[in-house]
Amino acid sequence: MEYTIVIGLEVHVQLLTESKMFSACGTEFGLPPNVQTDPVSLGMPGTLPVMNRKAFELALKTAVALGAEIAPFTKWDRKNYYYPDLPKNYQISQYDLPFSRGGSLSIPARKDGGGGGQVTLTRVHLEEDTGKLTHGSGGFSEVDLNRAGIPLLEIVTEPEIRSVADAKGCLEELRLTLRSLGVSDCEMQEGSLRCDANVNLHIPHEGKMIATPIVEIKNLNSFRAVERALQYEAERQYEAWKKDGLTIHDAFKETRGWSDPEGITKPQRQKETAADYRYFPEPDLVPVVVDQEWIDRVRSSIGELPTQRRARFESDHGLSPYDANVLVEQGEEVADYYDAVAKATGEYKLASNWIQQDVLRVAKERKISLAEFPVRPDALADLINRVKSKQLNTNQGREVLGKMIESGESIDAIVTAGGYGMVSDRGAILEAIEAALAANPKAVEDLSNGKKRPDAVKGFLRGQVMKSTGGKADPALVGELLDARIAEISG
Amino acid sequence: MDLSRDDVAKVAILARLRMEPSDLDLFTGQLNQIVGFVAQLQELDTTNVEPLAHGVEVRNVFREDVRGESLPREAALANAPRRNAESFLVPVVLE
Amino acid sequence: MTDLTRATAASLLSLMQTKQVSAEEIARGYLERAEKLNPGLNVFVHLDAERVLDQARVVDKKRQSGGPLGALAGVPVAIKDVLCVQGEPTTCGSRMLRGFKPPYDATVITRLRQADAVLIGKTNMDEFAMGSSTENSAYGPTRNPWDPERIPGGSSGGSAAAVAADLAPLSLGSDTGGSIRQPAAVCGIVGLKPTYGRVSRYGLIAFASSLDQIGPFSHDLADAALLMEAISGRDPMDATSVDTPVPAYSTTLDTPPKSLRIGLVREFFGEGLDPEVAASVREAVRVYEAAGATVKDVSLPHSRYGAPAYYVVAPAECSSNLARYDGTIFGHRAEDFSAKSPEEEGLPPLVRMMMASRSEGFGAEVKRRIMLGTFALSAGYADQYYTQALKVRRLIRNDFDAAFQEVDVLIGPTTPTAAFKLGEKSADPLAMYLSDIYTITTNLAGIPGLSIPCGLTSTGLPVGLQLMAPAFAEENLLQTARVFERATDWHTRRPPLA
Ligand SMILES: [Mg+2]
Ligand SMILES: [Zn+2]
C-alpha cells in the first residue's frame, strides 16, 4: 500500500419537525417553488427568529444518543456571507459554544473482516437550512426558498477514517442511528442527509510521512457517490503528488465538486474574497441552558440503538458480528422481525439463518419490505418450533416455509395437504430397516463377512429407509437404530 | 491603528459596497477618524469582564413546533426586484 | 371643530366618548393641518388620506353600534417609517426600500389596531434609523416645528415633529442610541425609550437588534402612558420580549412615587454641555427638591466610554442586519452592474449586482456604519473592537446597577444642546455622533429612558430633561416625571407655527 487515505466527514441532516426552525411554515420536500415560506423564512425586514423547541430537543436527543457531551450553556451566532439562497445573508448557526461536543459513531464489521471500531465526532450543532438555486435560462438563476429555515443538524467527525469502506460504513451507521431515533429520515436523494468529505493522503516517503493538501469534496448526493468520489480523489491526489510533490504545507485547502456523470471531482471556483464569516452572537435569539434533568429526560426517551442491538445479538444470542450486523443494518423492521422469532423460539442461530437465507432472500427478490412479507414472525416461529420438536425435519421445514411464502396458507394447512410430519415411531422405523435388509441380502452379506466398512453400508441402508418412509423418518432415530442393527450383524 | 485605502477597499468588498475612487478616499479618512475615536475602548482593563451581547439576559425562549400558514407565492414574490412566475431571479450563479 | 393645537389623546378620547366630535372629524382636522404644514416640515413620507378616513369611520360605526372599543378608539397615531404596516409603503427613509410593502403588520401595529387607533401616515426618519437629525433621509430632511432652519432630532425626527406640530396627538418612534429621547427633547415633547424587551420588536426594521426599542411620543405623560400600555407586553414573535406583567401606566400615573430618591449624573455635566441646557436641568432639580425629593450627585464612571462602545456594537449589528438588502429577494436592484474597473472585472456578475445595488440604495451614513461594523467584526479585529466593546457595555450596565442601589431615578440633560441648524454637523460624522452621548448608555444597559420638556432657551428652543430608571421600572419612571410635569407647564407649550 503506497498511501493511507485520511477522511473526515461533515454531515448535514434535516430534522423531522412540522414547522421551520424559527417560524411556522411547513417543512415538506418536493413542493413547487416558493409556496412554503413566511415573512421570517424570507428574511423580510423586521422579522425575528424564535427557536423551535422540537428542533432543539431532536438535536439534543441525537447528541445524547451519539454519546456527545452536552453543553450546559449554548447560544446562537450569525455566520455572515452573501449568497442568494440565504435571504438574510447570514446563517443562524453555532460558533464557539455549540450545544454539544465529542461523541462517536461505530463502524459496523464487514464480511471481509474490515470495519469495526469507532470514529470520534468533533461536534454537533444546530443551524438553519438555506434555500435552493437552480441555474435557469437567460443568464439567470432561480431562487426557491421553500427549504430556507428548515432545522439542520451539522455533524462533524474527526479526520480519523482510514478507508473508503469505513467512510461509507460510518455514514450508513449514522443514517441507521438517526432513523432509529426518529430525528431525520436521512434521504440523500431528497437532501435530508447531505455529506461533504475532507480528504488527503498520508504517503510514506524517504522514511518520513508526507501529507497531501486537504481537499473538501462537495455535492455527494448518494452513498455510491461518496464511495466513488473518495476512491477517485485518493487516486487523483496520489497522481498529483507524484507530479507536483505539493504537500499540506504548500497549498490551502481546496474545494472540489463531485460530478457523478463524469465520475470525477472538479475544482470549484474559489470565492473572490477569502471567507471571513464575521461570526457574532445572534442578538435576536436568547441562549439556552440545559440542566442534567433535561438531559436525563432526553436519555430516557431513547430506545435501544443499533450498536446496542448488535452487541445484544452477539453477547446474548451468540450470533457472529457479521450476522448480528446483517440483522441490524437493514433497519428496525428486520431486527424487530428477528427479535420476535428469536424470542418465540429461543433458537437464535436457527432464526438468524432462516431469516437471512429464506426471508431476506425472498424479500429482496420480490423487492418488498418485511412489513409486506407474507410470513409473519409468529408463523415463522411456529414453524421453527415444529422443527425443534421434530414434527418436521429441517428440509421439510424449508419446503413448508417455501409454500407458506407462495400460497400464504397456514402451516397446518400446508402440512396436512403435503402429508408432512416426521416418523419418530421406533416400531415403524425398525420395520422399515428390516424391510431394507430383506431387500438387500448383498449388503447384509458384505457386512457379516466384513467385506465392506459398516458406515459405508449404513449410508446406503439409511438412504433406503428414508426413501421407503417418504423422507419422513426422523434421521437421528434412523441412524441410532441402524447402528444397533448393523452392530448385531457385523457381530 | 491606521486603515489604509486598500484595507478600506477590502472591507468594502466584504460589505458588498461598490466604491468610486473618490468614495474610497472619503471613507478612508472618516473611518480612521471614527476608529481612532472608538480605540479609546482599549484604555480599559476588561480582564474577567463578561461580554454583554444581548439587550436582556433571559434564557430558554422557545416556540412550539406548530405548523402555520405559508404566504401565498404571489405575496412572497411581491417585492422581488426580478422574478418569473414562481421564483426570484438573480444573475446566474457560476459553480 | 376642536382646536387641535390644544389637543391631547386623552382630551380627544373624552370628546369622542361624549359624542362632541367624531373620529372622522378628528382625522379630517389632522389631515387638513398636514395639507397645510407638511410641505414645509416634511414630516410624513407616506400619507393616504382615504385609508386614514376609512379607519376613522370604522371606529365611529363601532361606537354608534355600541360595540366594545379599544383604549385608543379614534385617536390618530403617526408611525415612524421603520415599522412594518401590511400592504403599505414601509421604506425606512431609504432609496433601498422605495416601494417596499411588507406582507405583515409589526406587532405594535397589530396592537394599535386592536386598540382601535387610527394609523395616520408614515413619518420621516434618518435612513434605517441611523442619525440624529433626520437629514439622512432619501426624502430630504424634516424641519423642527420650533424653527424650520433647525433639525427635529433623529432618527425619529418625523414622529417627534408630527406631535410637536400637532399633526397627530401621538406617534411611535424607535430608539437605538437616543432616537426617541433626543428628538423629543429638541421638539419640546415627551419621548420614552422603554426597557429592552418591554415592547415587541417584531416588525421593527432592525438597525442594531440588541439596542433597538419602540416607544411613544406625546405632549404629556398621560398620553405617553396610554400609548405605552397599548404597545407593551410579551410577544411570542419576539424571543427577546420579556414576560413581565404590564402595569396600568395610565391609571397609576398620578400616584406619587413611594420613594423619590433622585440621582444627578455627574458625568452628564462635563464640557460640551450648553449652559442654557445645564441651567434648565438645574432648575428641574430645584423643582424636585421643592416637591420633597432627595437629590444627590451620582457617578456613572464609564459614561465617557458609552459612545465608543456604541459606535462599535451598533455598526457591527447593523452591518449584519442590513446585509439582506442586496437586490435579490426585495429592495433596490441596480440596472447597470457592469464592471467599471479592472478589479471589478474579476468579480462575478452576481457580486457586482449586489455591490452596485447596495451602493445605489444606501446613503452615506448607512454605508459608513456598515463599513465600520464590517471592519469591527472582521478577522483579526473582532476581539480588539467588538468583544472589547461588549465588555465595556457590561461595565456600563454595572455602573447603572450600582447607582440604582442608591437612587430610584437618575436625571440629567437629554442632549448637550438644543436643536442645531440643518447641515451644521452633516460634514462631521463624529460631531453628529456626540449629540447622543447622554442617551446612548441607557440603550447599552437596556434600561428605560424618558425625555420630558423642561424649558426653553433664550432663542425659544425646547430643552429636554432625561430620566432613567432600572429595567422594567417604567411605572415609577412615569410617576416620578409626573411630579415635575404637575409642577410646571412646559408640556403645554406649542411651537409658533403659522
Ligand atoms: Mg442572500
Ligand atoms: Zn453547516
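Here is the naming used below: chain letters follow the sequence lines, and residue numbers restart at 1 for every chain.
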* Non-hydrogen atoms of chain B under 4.5 Å away: do they reach the side chain of Pro287(A), the backbone, both or neither? -> both

* To do: For chain B, find which of Thr17(A), Asp38(A), Asp144(A) contributes the most heavy-atom pairs closer than 4.5 angstrom.
  => Thr17(A)

* Between Arg63(B), Arg59(B), His54(B), which shows the greatest number of heavy-atom pairs under 4.5 Å with chain A? -> Arg63(B)

* Structure fact -> The interface call for Met44(A) against chain B, heavy-atom contacts under 4.5 Å, is side chain

* Test log, rule side-chain contact (heavy atoms from CB on, under 4.5 Å), inputs Thr47(B) and Val49(B) -> CA-CA 5 Å; Thr47(B) 36; Val49(B) 178; over 6 Å; no

* **Gln94(A) and Asp77(A) side chains, donor-acceptor separation under 3.5 Å** => no

* Among Arg278(A), Arg53(A), Lys54(A), residue most engaged with chain B (heavy-atom pairs, under 4.5 Å) -> Arg53(A)

* **Side-chain donor or acceptor of Arg228(A) paired with backbone N/O of Ile264(A) under 3.5 Å** => no

* Part of Glu86(B) lying under 4.5 Å from any heavy atom of chain A -> both

* **Among the listed options Glu57(B), Arg82(B), Glu69(B), the residue most often paired with chain A at heavy-atom distances under 4.5 Å** => Arg82(B)

* Structure fact -> If one checks every heavy atom of Phe280(A) against chain B at 4.5 Å, the contacting part turns out to be neither

* Report the option among Gly138(A), Ser41(A), Gly26(A) that has the most heavy-atom pairs separated by less than 4.5 Å from atoms of chain B. => Gly26(A)

* Look at atom CD of Gln40(B) and say whether more than 12 heavy atoms of other residues, nucleotides or ligands are closer to it than 6.0 Å. => yes

* Asked: Hey, does the Lys NZ or Arg CZ of Arg78(A) hover above the aromatic six-ring of Tyr90(A), less than 6.0 Å from the centre and inside 45° of the axis?
  -> yes

* Please look at Val58(B) and chain A and tell me whether the side chain, the backbone, both or neither of the residue comes under 4.5 angstrom of a heavy atom of that chain. => both

* To do: Please state whether the side chain, the backbone, both or neither of Leu145(A) comes within less than 4.5 Å of a heavy atom of chain B.
  => side chain

* Relative to Tyr279(A), does Lys79(A) satisfy both conditions: NZ or CZ under 6.0 angstrom from the six-membered ring centre, and within 45 degrees of the ring's axis? -> no

* Structure fact -> Here the gap from Leu153(A) atom CG to Ser100(A) atom OG, rounded to the nearest 0.5 Å, amounts to 8.0 Å

* Asked: Measuring heavy-atom distances to chain B, does Ser23(A) have an atom under 4.5 Å in its side chain, in its backbone, in both, or in neither?
  -> backbone

* Is chain B contacted by the side chain of Lys75(A), its backbone, both, or neither, given a heavy-atom distance below 4.5 Å? -> neither

* What part of Pro281(A) is in contact with chain B, defined as an atom under 4.5 angstrom from a non-hydrogen atom: side chain, backbone, both or neither? -> side chain

* To do: Examine distances only and state if a side-chain atom of Asn52(A) and a backbone atom of Phe62(B) form a donor-acceptor pair shorter than 3.5 Å.
  => no

* Asked: Between Phe56(A) and Trp294(A), how do the two ring planes meet: parallel, tilted or perpendicular, split at 30° and 60°?
  -> tilted

* **Under 4.5 Å from a heavy atom of chain A, the part of Arg83(B) involved** => neither

